[in-house]
> 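Questions regarding the structure given below will be posed in turn.
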Amino acid sequence: MLSQEENDLLCCTGPGTPMGNLFRRFWLPVALSRELPKPDCPPVRMRILSEDLIAFRNTNGKVGLLSRYCPHRGASLFFGRNEEGGLRCVYHGWKFDTTGVCIDMPNEPAECSFKHKIRQTAYPTREAGGVIWAYMGPQEIMPELPQLEWTLVPQNHVYVHKRFQHCNYLQNVEGEVDSSHVSFLHREFRPEKFNAAVAGQVLLAQAKDTAPRFLVQETEYGLAIGARRNWDADQYYWRVTKFLMPSFTLIPSEAGAPINFTAAVPVDDKNMVGFTVTWLPDRPLADDDISTIESWTGAYAEVDPKTFEPIASRANDYLLDRAKQRTENFTGMRGIREQDIAVQEDQFGGPVTDRTKEHLATSDTGVITLRRRLLNSVRNFQQGQQPPEPRKATAYRVRPIADIAYRNLSLDEVLDSGDLDLARSEV
Amino acid sequence: MLSQEENDLLCCTGPGTPMGNLFRRFWLPVALSRELPKPDCPPVRMRILSEDLIAFRNTNGKVGLLSRYCPHRGASLFFGRNEEGGLRCVYHGWKFDTTGVCIDMPNEPAECSFKHKIRQTAYPTREAGGVIWAYMGPQEIMPELPQLEWTLVPQNHVYVHKRFQHCNYLQNVEGEVDSSHVSFLHREFRPEKFNAAVAGQVLLAQAKDTAPRFLVQETEYGLAIGARRNWDADQYYWRVTKFLMPSFTLIPSEAGAPINFTAAVPVDDKNMVGFTVTWLPDRPLADDDISTIESWTGAYAEVDPKTFEPIASRANDYLLDRAKQRTENFTGMRGIREQDIAVQEDQFGGPVTDRTKEHLATSDTGVITLRRRLLNSVRNFQQGQQPPEPRKATAYRVRPIADIAYRNLSLDEVLDSGDLDLARSEV
Amino acid sequence: MLSQEENDLLCCTGPGTPMGNLFRRFWLPVALSRELPKPDCPPVRMRILSEDLIAFRNTNGKVGLLSRYCPHRGASLFFGRNEEGGLRCVYHGWKFDTTGVCIDMPNEPAECSFKHKIRQTAYPTREAGGVIWAYMGPQEIMPELPQLEWTLVPQNHVYVHKRFQHCNYLQNVEGEVDSSHVSFLHREFRPEKFNAAVAGQVLLAQAKDTAPRFLVQETEYGLAIGARRNWDADQYYWRVTKFLMPSFTLIPSEAGAPINFTAAVPVDDKNMVGFTVTWLPDRPLADDDISTIESWTGAYAEVDPKTFEPIASRANDYLLDRAKQRTENFTGMRGIREQDIAVQEDQFGGPVTDRTKEHLATSDTGVITLRRRLLNSVRNFQQGQQPPEPRKATAYRVRPIADIAYRNLSLDEVLDSGDLDLARSEV
């Protein structure tokens, strides 16, 4: 439960808001590289942190990210001509490079110097891991890109995916760090699924113990959130989700299986864009790995390839099948991500949930700790303290953990354990 | 004409509003029993008096009506699992019985007592006449169900139907008590229709005298609203509509013909759900009776069987056919209910009409009296006086009247008259 | 660039606003005559200056324009029966003539005088040039219709067309007077188009000089806005657009070619209805002229013939074809009007653009002068000065100019020049 003031503080990310300013200190995924497949291809509209933007890949392959409306008379640069090193507005021909400089103003006399006074808002971009990243904060303190493992391994080790989701970003992040709901929302009834590569151990564990104990540790990048379930008389089943500031998560999968990253990036306060990434440290993804992903039964929602809108949506009740809900899985919905979206898009009736109405219990420790971490960060930031995480690029070189450990190990030891973490936690 | 303050007072029925509180003293129809056809069937979403609710029929067949969002973290209970005596939230497995008690909290440790502190808002329900009724007011003064005749006769004497209508409830109730518009909005040009079982006398009467005199009498249940038309030199044609608090009506039909009840229940201030019921006191409805109803030419709008949205809607101009409007009936629209919806959904441009702009005349006496009755009730209630009608369950055992009477009879005598009322008015 | 106060002053035209009051001093096109094709045909809904209206052609062929909602209880007169000299409300049969007088009230007793107290708001109408005109201002100062040439020539010399456009009217008018954008938004790459009858000289000129100099002159009817481009060493190519108060324009075409008029009439602050008219002073339009228009490549957007909604719309990105944008024309959109609508409907993200964000340059002189003219008019009007233009019916007998002239001619001389103007400027 939060006060209304706290809820607003965490959820509002538009220009000038405290949380919006905090988000603007971080590099954020904003699009897939393949949305701009080649030089001078059509520009792509986007909205990030309540700002209307246009992305384009110039003649040299560099990605520009500009405010969407021409500073002259506000025509949309979406209609623009992307050619010869810049994006040209179709209304009067003004042309901008990737840094926002106006490099041509052909409707003015040649001797006119007005061109030099015009600068379109432009944000620096990077490409890594098949994703276009943007930094929307003060240029003088622009940090390095975070060194996420999947941005460092060869590209054929990585699968990246984007979807829109029609709720505030925080509802999605809360779901990612809430290992407790896995036992319910994602419960599977069909025994054959317990042996599947995707989620066998998870499925077994969730059946054995539905009330995990949460143990959480602050870290340089954010939080390590351990959910500990009884496995047998001697051992626990641990799932340690890593939360990385400002809204990224690493979701545990079984040892040796592909690893999952997610990011929840605010479109505006009522909508977000979610990036899901799966990678293997040691080998390329095989056809089987990709088939598993594209069965859309796991952490990936099937989307319309043009709009990135999920096929299972509020309009069709997420394709909920009541017969399947009796016999196949807990929700009657196909995939884990689709199940997550279904509950997240309508919490207490809103795309921005009303956290004053909640009733939290011990199993919500992960969610509670996440909020406290974000509230501390934003309040410190409001008092003038720069967030330290953006400067910790190497601290982002972590993995999540899912494994079985003897009961005498603490969370610290689980995090430190070679058996668990050596092969999986640091690149 | 009302002042803006009066209009708001009558139209706003959300939680905490005076009229909303008054409605919450009455049992209200909220759904058809057949929407929850059997134990543990899928739950049904609804919105009543601006509250988001979920209805479900539990394993024993009892109907529960709960607030729609799980008190834990607000997931929609629509996705819930209806099983083993309760509705279980799919997010973390919390389970509620029909009284709102949390009967399982499987994501918390077994020894945790938090479960006993959780109570979901739940409203008592009843089933009668094929309808699910709810009482959304203070439990300690919950009244009996009103003894409407159609809830007392065998079920095969009764036809019940539901539709959504996209306007404030009061626009619909005003239409029901306004016998004057029958001569116009529902006028029929085709002589063969005058002999039909449905509405022959009405059609004849409306043609004879388009300016009825209204005589109204206060009653225990609400109002008896008489509309008196000239019939011949000696007689009047009377239509006495009964208005039953808070928003029910009994609409006259010819002696011996099936009788009609309607209820207008606020969904929120801009939408309502309308229930129409037809019954015969003395015999089951015959196939012919049902065929007549399902020709959708009378008091019933054809609806989409899944959504209860009328087929003739604002989006298609209510299927108005200008050729038919010249030759067949006054509006060029098929049925009486469809004609009513067409005018009610757009009065002065709004789903909530602006009654400050009206110009009322003598023929609006029914409407004026209705408003006065409601205003008196809600103002008395605001001053602490409990509405007496909910305690008068037996007073609701009335029928409407439509018949021809000698001119020397007063409304009192018409109401008392054996010829007219004995067989039709009291069960 | 305007201040927010100035922007609101120019854009808001609802009842009681300064600009709304100013518009109400002028005759405005509100519909096509052919929308009401014959006596007693179905009425047509419209919304003009944020007022909901209903137009009907009575039994004698006269067009009435009334407030849309019956003054009795607000039923929409759209459903009304248009018959025997008036429009009759279907709810209770009240009937109004074209002047708003209530000529029948059949639900009231014959002796009732209430009918005489009822007057529906009605606006005078005229028909000229295939267009229905309305005057929505004070009756005592109603002016004559403006003597636009196309309303005076035989009807077979004239083509008239209507479209809805989803932005404030001013964005459209600004586009009409902004000759500068023709070089870009409407640029053509295919050389064969340079010889086409529609726009050959324009296309050539725009290629020769993309930075026209603007010279503007105040006139009795509004403004003469000259855009002067270099043509060859001795001559200029002139385009003189005429702006006629309050929101009409005459767009230059080549000498001898059909002439174009446009009007932007506010529906409400976020929507407008655009009228485009093409006429020939001296002969009927030929099939070829009409084929050219109905290729929808010029000043006409293709619309749905029932709704007047453009086929190329925001929902389909105006059918922008990126391949065509590389090879055929500047935008990849089919027609000049469709190109205009694309940029006008989304300036700085809004149907009402935020002019505080603009950066205007010398080529915006036409736009700047237009705004100044309108601001002066509305401010003078706010201080009690009646706008003079509505009284200047004959001053509207002007034409636009597009032609080549020797460089020593001033705008005055161009306007006065017999070569240029005699045959084209005054009827």
Side-chain angles (χ1 to χ4, degrees), chain A residues 1 167 171 174-175 178-187 189 206-207 209-214 227 229-230 314 317-318 320-323 325-326 329-333 338-350 352-365 367-368, chain B residues 15 36-47 50-54 56 67-84 87-96 100 102 104-121 268 306-307:
Chain A
M1 189 181 142
C167 62
Q171 275 144 263
E174 290 175 343
D178 167 27
S179 205
S180 156
H181 80 271
V182 176
S183 295
F184 304 97
L185 190 69
H186 305 317
R187 188 184 296 178
F189 300 153
Q206 78 190 8
D209 181 354
T210 62
R213 304 302 182 281
F214 279 84
R229 282 176 166 84
N230 297 320
R314 187 164 185 169
D317 284 335
Y318 306 93
L320 164 54
D321 178 329
R322 295 287 183 186
Q325 192 177 21
R326 302 203 161 273
N329 65 21
F330 205 72
T331 57
M333 298 173 201
E338 292 167 347
Q339 294 154 7
D340 280 330
I341 296 174
V343 296
Q344 291 167 12
E345 287 190 339
D346 183 20
Q347 286 182 256
F348 287 118
V352 184
T353 191
D354 180 353
R355 291 179 177 82
T356 67
K357 294 184 178 168
E358 295 178 329
H359 294 81
L360 301 186
T362 64
S363 64
D364 296 302
T365 301
V367 169
I368 293 166
Chain B
L36 294 172
K38 56 181 185 177
D40 292 341
C41 64
V44 168
R45 281 169 293 207
M46 59 185 67
R47 186 169 166 84
S50 300
E51 295 186 40
D52 290 320
L53 305 172
I54 191 84
F56 68 106
S67 277
R68 196 188 297 163
Y69 297 103
C70 179
H72 176 211
R73 291 194 39 231
S76 173
L77 294 172
F78 168 72
F79 302 126
R81 302 181 59 83
N82 182 16
E83 57 189 12
E84 296 167 1
L87 186 63
R88 188 187 290 281
C89 179
V90 290
Y91 206 177
H92 299 86
W94 292 17
K95 184 172 177 179
F96 303 92
C102 182
D104 195 16
M105 193 180 275
N107 67 327
E108 288 294 313
E111 67 276 14
C112 169
S113 66
F114 191 60
K115 180 171 78 173
H116 305 299
K117 299 183 183 156
I118 297 299
R119 185 94 188 219
Q120 179 71 328
T121 300
D268 49 32
K306 291 212 163 149
T307 64

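Note on naming: letters A, B, ... go to the chains in the order of the sequence lines (proteins, then strands), and numbering restarts at 1 for each one. Reckoned from all heavy atoms, side chains included, excluding hydrogens, waters and symmetry mates.
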> Could you walk me through whether A:L185 and B:F79 pass the side-chain contact (heavy atoms from CB on, under 4.5 Å) test, one step at a time?
CA-CA 10 Å; A:L185 190 69; B:F79 302 126; over 6 Å; no
> Quiz question: by atom type and distance under 3.5 Å, do the side chains of A:H181 and B:N107 form a donor-acceptor pair?
no
> Contact between B:H72 and A:H359 at the side-chain level, heavy atoms closer than 4.5 Å - yes or no?
no
> With only heavy atoms counted, which part of B:D52 is less than 4.5 Å from chain A, the side chain, the backbone, both or neither?
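Neither part, no heavy atoms under 4.5 Å.
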> Given that the side chain runs from C-beta out, which part of B:F114 has a heavy atom under 4.5 Å from chain A: side chain, backbone, both or neither?
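Side chain only.
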> Hey, which of A:T331, A:T353, A:D364 has the most heavy atom pairs under 4.5 Å with chain B?
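Max contact count across the listed options: A:D364.
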> Shorter than 4.5 Å, heavy atoms on both sides: which option in B:P71, B:G93, B:S76 has the most such pairs with chain A?
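Greatest number of close heavy-atom pairs with chain A: B:P71.
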> Quick check: does any side chain N or O of A:T210 sit under 3.5 Å from a backbone N or O of B:P106, one acting as donor and the other as acceptor?
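Between the backbone of B:P106 and the side chain of A:T210 there is a qualifying donor-acceptor contact (under 3.5 Å).
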> Heavy-atom distances under 4.5 Å only: say whether A:L320 touches chain B with side chain, backbone, both or neither.
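The side chain, not the backbone.
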> Between A:D178 and B:H92, does any side-chain donor sit less than 3.5 Å from a side-chain acceptor?
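Result is yes, a qualifying pair exists.
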> Against chain B, work out which of A:G349, A:G332, A:P212 has the most heavy-atom pairs shorter than 4.5 Å and name it.
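Among A:G349, A:G332, A:P212, the one with the most close pairs to chain B is A:G349.
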> Measure distances from A:R213 to the heavy atoms of chain B and classify the residue's part below 4.5 Å as side chain, backbone, both or neither.
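Side chain of A:R213 only, per the 4.5 Å heavy-atom cut-off to chain B.
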> Select one option (side chain, backbone, both, neither) describing which atoms of B:C70 are under 4.5 Å from chain A's heavy atoms.
backbone
> Working to the nearest 0.5 angstrom, can you tell me the gap between B:W94 CH2 and A:F184 CZ?
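B:W94 CH2 to A:F184 CZ: 11.0 Å, rounded to 0.5 Å.
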> Could you tell me whether the side chain of A:K357 reaches within less than 4.5 Å of the side chain of B:Y69, counting heavy atoms only?
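Not touching, per the 4.5 Å side-chain cut-off.
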> Can you name the side chain to side chain donor-acceptor pair (under 3.5 Å) partners of A:R322, sequence neighbours left out?
A:Q325
> Given side chains that start at C-beta, do those of A:L360 and B:R73 come closer than 4.5 Å, heavy atoms only?
yes
> Run the salt-bridge test on B:R45 and A:D346 with the 4.0 Å N-O cut-off and return the result as yes or no.
no
> Without swapping roles, check the side chain of B:E108 against the backbone of A:A211 for a donor-acceptor pair under 3.5 Å.
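A pair under 3.5 Å: no.
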> Spell out, as yes or no, whether a donor-acceptor pair under 3.5 Å connects the side chain of B:R81 to the backbone of A:F330.
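Yes, B:R81 side chain to A:F330 backbone: donor-acceptor pair under 3.5 Å.
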> Do A:R326 and B:D40 sit within salt-bridge range, that is, some charged N less than 4.0 Å from a carboxylate O?
no
> Please flag which part of A:M333 lies under 4.5 Å from any non-hydrogen atom of chain B: side chain, backbone, both or neither.
side chain
